[in-house]
Amino acid sequence: MNEGECMANYDLTTIRHSAAHIMAAAINNLFPGTTFDIGPATEDGFYYDVDTGGRLGENDLPRIQEEMQRIIKEQHPFQYKEMSREQARQFLEEQGQKYKVERLEDIPEGQKITFYETAGFTDLCGGPHVEHTGQIKAFRLLSVAGSYYRGDERNPMLERIYGTAFHDKKALKKYIQHLEEARKRDHRRLGKELDLFSVNSGAGPGLICWHPKGALVRHIIESYWRDQHYKNGYELLYTPHLGQADLWKTSGHLDFYSDSMYAPMQIDEQDYYMKPMNCPFHIQVYKSRNRSYRELPLRWAELGTVYRYEKSGVLHGLLRVRGFTQDDAHIICTPEQVEDEIRKVLDFSISMWQAFGFQDIKAYLATQPSKAVGEADAWTEARQSLENAVEAVGLQCEVEEGGGAFYGPKIDLKIQDALGREWQTSTIQFDFNIPERFDMTYVGTDGNKHRPYMVHRALLGSLERFFGILLEHYAGAFPLWLAPEQVRVLPVGENYLSYARQVKDELRAADVRADVDADDDTVGAKIRKARNARLPYMLVVGAEEEENALVAVRSRKHGEEGKCSVNEFLQQLEEKAKAGE
RNA sequence: GCCAAUGUAGCUCAGUGGAAGAGCAGCUCACUCGUAAUGAGCAGGUCAGGGGUUCGAGUCCCCUCAUUGGCUCCA
């Protein structure tokens, strides 16, 4: 058996985990006295959590990588050792490996305690590994980061080194190219390049300013969103951005959510808070008068802007911000109606995602946690209706037992983008808590008061996050219906400027977002600019076009498409729009 | 918030204690252009902010702010 075949027998996890060991050995050589925690393989690589006493920085990665290369070249075997629990403890204590000692205690009684030694580094580890270090053919160290021991912020912070490894150099190169592609599509980069938005332009971290083009795209998204909501039986609300302390006390936010809320402001000697959620206001609308079962289900939607405190270190472009607009809605209904309502929300959500070009959707059902409010029967019933609804619409679903909020079970939808990355966006949550807190009731057929069910839901999640995802999904090249500038008319010279403007006016009259490039540039330069701006269509016009009332069409997708009249071009656009482009 | 790193012109970046630079973008002029960059010129800076070391700091040290990669958390 040659080495190539041998490699193919190991799965990626084994290769990556082995690479993590080699990295640990290298760090042990370069930074004597390091204590080690764990070094698992991950979905796209591996890491090792170590404590060098703060000696490690990004600049050390090349040295560590070189040392790893040396160890690989020397083809050290991975040697298996078994120890008794007491031997193991003694061995690790002698080495001063305090984290390993604690990890040893996690291993259940009666299970074998195994070690692997390679290149002078002996690690408490269940394996498996490759036979010898020479079998790691392609790896790369990527970054250094901090990481709390056991993921708990009360614990000391360890140094985590991320790397990745593959079967061969070709696969590694492909992965590096994938990272590069993701970097190119980064919505923060595109947002700047295409002049769509800015973050913290003097406003403050995590606060977004939408520039004209970004605002236009958002407007188009919102218009579509409203339109679809009307069609799906929703009514729209507008509610304030702040509310008085009593409201947040009743809702429970001051007790359970205050870490995410901003300090109050005083108005006429009353405390007011910026809203972190919209629901208490929607409930105010509900409670503004008596409600009858005949009105239910109520479906109330709002593009509601909320403000939440997020730790400075977690802010990230548009994807994690401190002020954002949820595409929120609350469904208030009878227990009998709820399953059907959930199904409708799922259907609606799927059609919404498809409209924006996302096909791959997965559902995640989160069930009752140990600490929860509400009747056990209600939880069981709610869970059942969520499961039934997911099944009815045919979504693939994973169950996260105990993952729900204390006030109710939920379904989250995750969508996959063009690069295969998953994003959490839609959420559908039961709430057994808030109808109780606000004493929401409706009069039933029996003339008595009943407690309605309430479901929170967001489809796109927040417009900020959604816009970021959309931008990365399309790499900045918005489909025709979303493009802020759909068509640009390029006169080949100054003499054709007035004809170009006439064409633009005709397009605008037909509701096409069109502009003229009136710059003193060559045609080549104008095309280049328009392409860099990811414009779907360019219309080149010169003497020949003007004389025959034509335009020379150039599309983002196909390049030169030949000449036609403005009307013919408009017809083409209409067909493309119908096809969802 | 914590760990690590970064911050130089609108953007991308060079500048290793001794005179603040380049390309692109911008402006002006010339050219009036036919499918991915016409040419020349001009302007553009409290080197994130503050403090310190030094004869001298973009460069070294400290603090603050912001950003980036993670941890925790999350729409």
Side-chain angles (χ1 to χ4, degrees), chain A residues 47 49 51-52 54-61 142-162 183 186 188-189 192-193 195 198-202 204-206 259-260 276-278 304-306 308-328 405 412-413 423-427 429 456-469 490-497 519-532 538-545 552-556 559-563:
Chain A
Y47 66 81
D49 281 349
D51 181 0
T52 66
R55 286 178 284 170
L56 246 177
E58 232 155 75
N59 302 335
D60 297 310
L61 292 185
L142 297 171
S143 61
V144 181
S147 145
Y148 297 109
Y149 176 55
R150 290 178 189 268
D152 189 327
E153 61 185 337
R154 290 165 301 191
N155 286 338
M157 181 153 277
L158 305 174
E159 298 148 279
R160 174 174 294 181
I161 301 111
Y162 280 97
R183 205 179 63 82
D186 191 309
R188 294 166 297 184
R189 183 192 174 100
K192 206 177 260 182
E193 193 183 326
D195 196 16
S198 55
V199 190
N200 184 28
S201 48
D259 285 352
S260 297
M277 293 188 192
N278 303 300
T305 303
V306 297
R308 298 182 186 174
Y309 172 74
E310 297 284 356
K311 290 177 182 173
S312 59
V314 307
L315 300 173
H316 182 93
L318 293 178
L319 302 181
R320 195 73 186 274
V321 297
R322 285 179 173 164
F324 57 97
T325 301
Q326 293 182 305
D327 70 318
D328 209 356
D412 288 336
L413 298 189
W423 303 91
Q424 207 258 289
T425 50
S426 313
T427 184
Q429 310 189 351
H456 311 256
R457 53 110 275 201
L459 302 187
L460 304 176
S462 81
L463 289 174
E464 286 75 8
R465 178 176 287 180
F466 174 68
F467 191 75
I469 295 168
L490 315 182
V492 300
E494 216 170 64
N495 297 337
Y496 315 106
L497 199 51
D519 285 357
D520 190 10
D521 279 321
T522 59
V523 179
K526 287 178 182 178
I527 288 169
R528 192 182 144 80
K529 275 190 293 174
R531 285 211 49 107
N532 287 341
M538 296 168 233
L539 300 178
V540 178
V541 297
E544 207 183 313
E545 287 77 13
V553 179
R554 186 188 175 99
S555 74
R556 178 171 67 192
E560 282 186 74
E561 292 192 355
K563 296 177 194 199

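Quick note on labels: first sequence line is chain A, next is B, and so on, each numbered from 1.
With sequence neighbours left out, the salt bridge (Lys or Arg N to Asp or Glu O under 4.0 Å) criterion links A/R160 to A/D49.
For B/rA19 and B/rC47, the P atoms lie 16 Å apart once the distance is rounded to whole Å. For the C1' atoms, the distance from B/rC29 to B/rG69 is 47 Å, rounded to whole Å. One P atom belongs to B/rC60, the other to B/rA5, and the distance between them is 13 Å to the nearest Å. When the P atom is used for both B/rU68 and B/rC11, the distance is 14 Å, rounded to whole Å. Comparing B/rA43 with B/rG51, their P atoms sit 31 Å apart, to the nearest whole Å.
Stacking between A/F324 and B/rA75 is shown: the ring centroid lies under 5.5 Å from the centre of the six-membered base ring, and the planes differ by under 30°.
Closest to the A/P205 side chain, of the nucleotides B/rG70, B/rA5, B/rU67, is B/rU67.
Between the base of B/rA75 and the side chain of A/E310 there is a donor-acceptor pair shorter than 3.5 Å.
A/E153 contributes no side-chain N or O that, together with a main-chain N or O of A/N155, makes up a donor-acceptor pair within less than 3.5 Å.
Here the options are A/D327, A/T427, A/D328, the test is side chain to side chain contact (heavy atoms under 4.5 Å, CB included), and the partner is A/R457; only A/D327 passes.
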How would you summarise protein contacts on nucleotides 34-41 of chain B per nucleotide, using B for base, S for sugar-phosphate only and - for none, with heavy-atom distances below 4.0 Å? BBBBB---
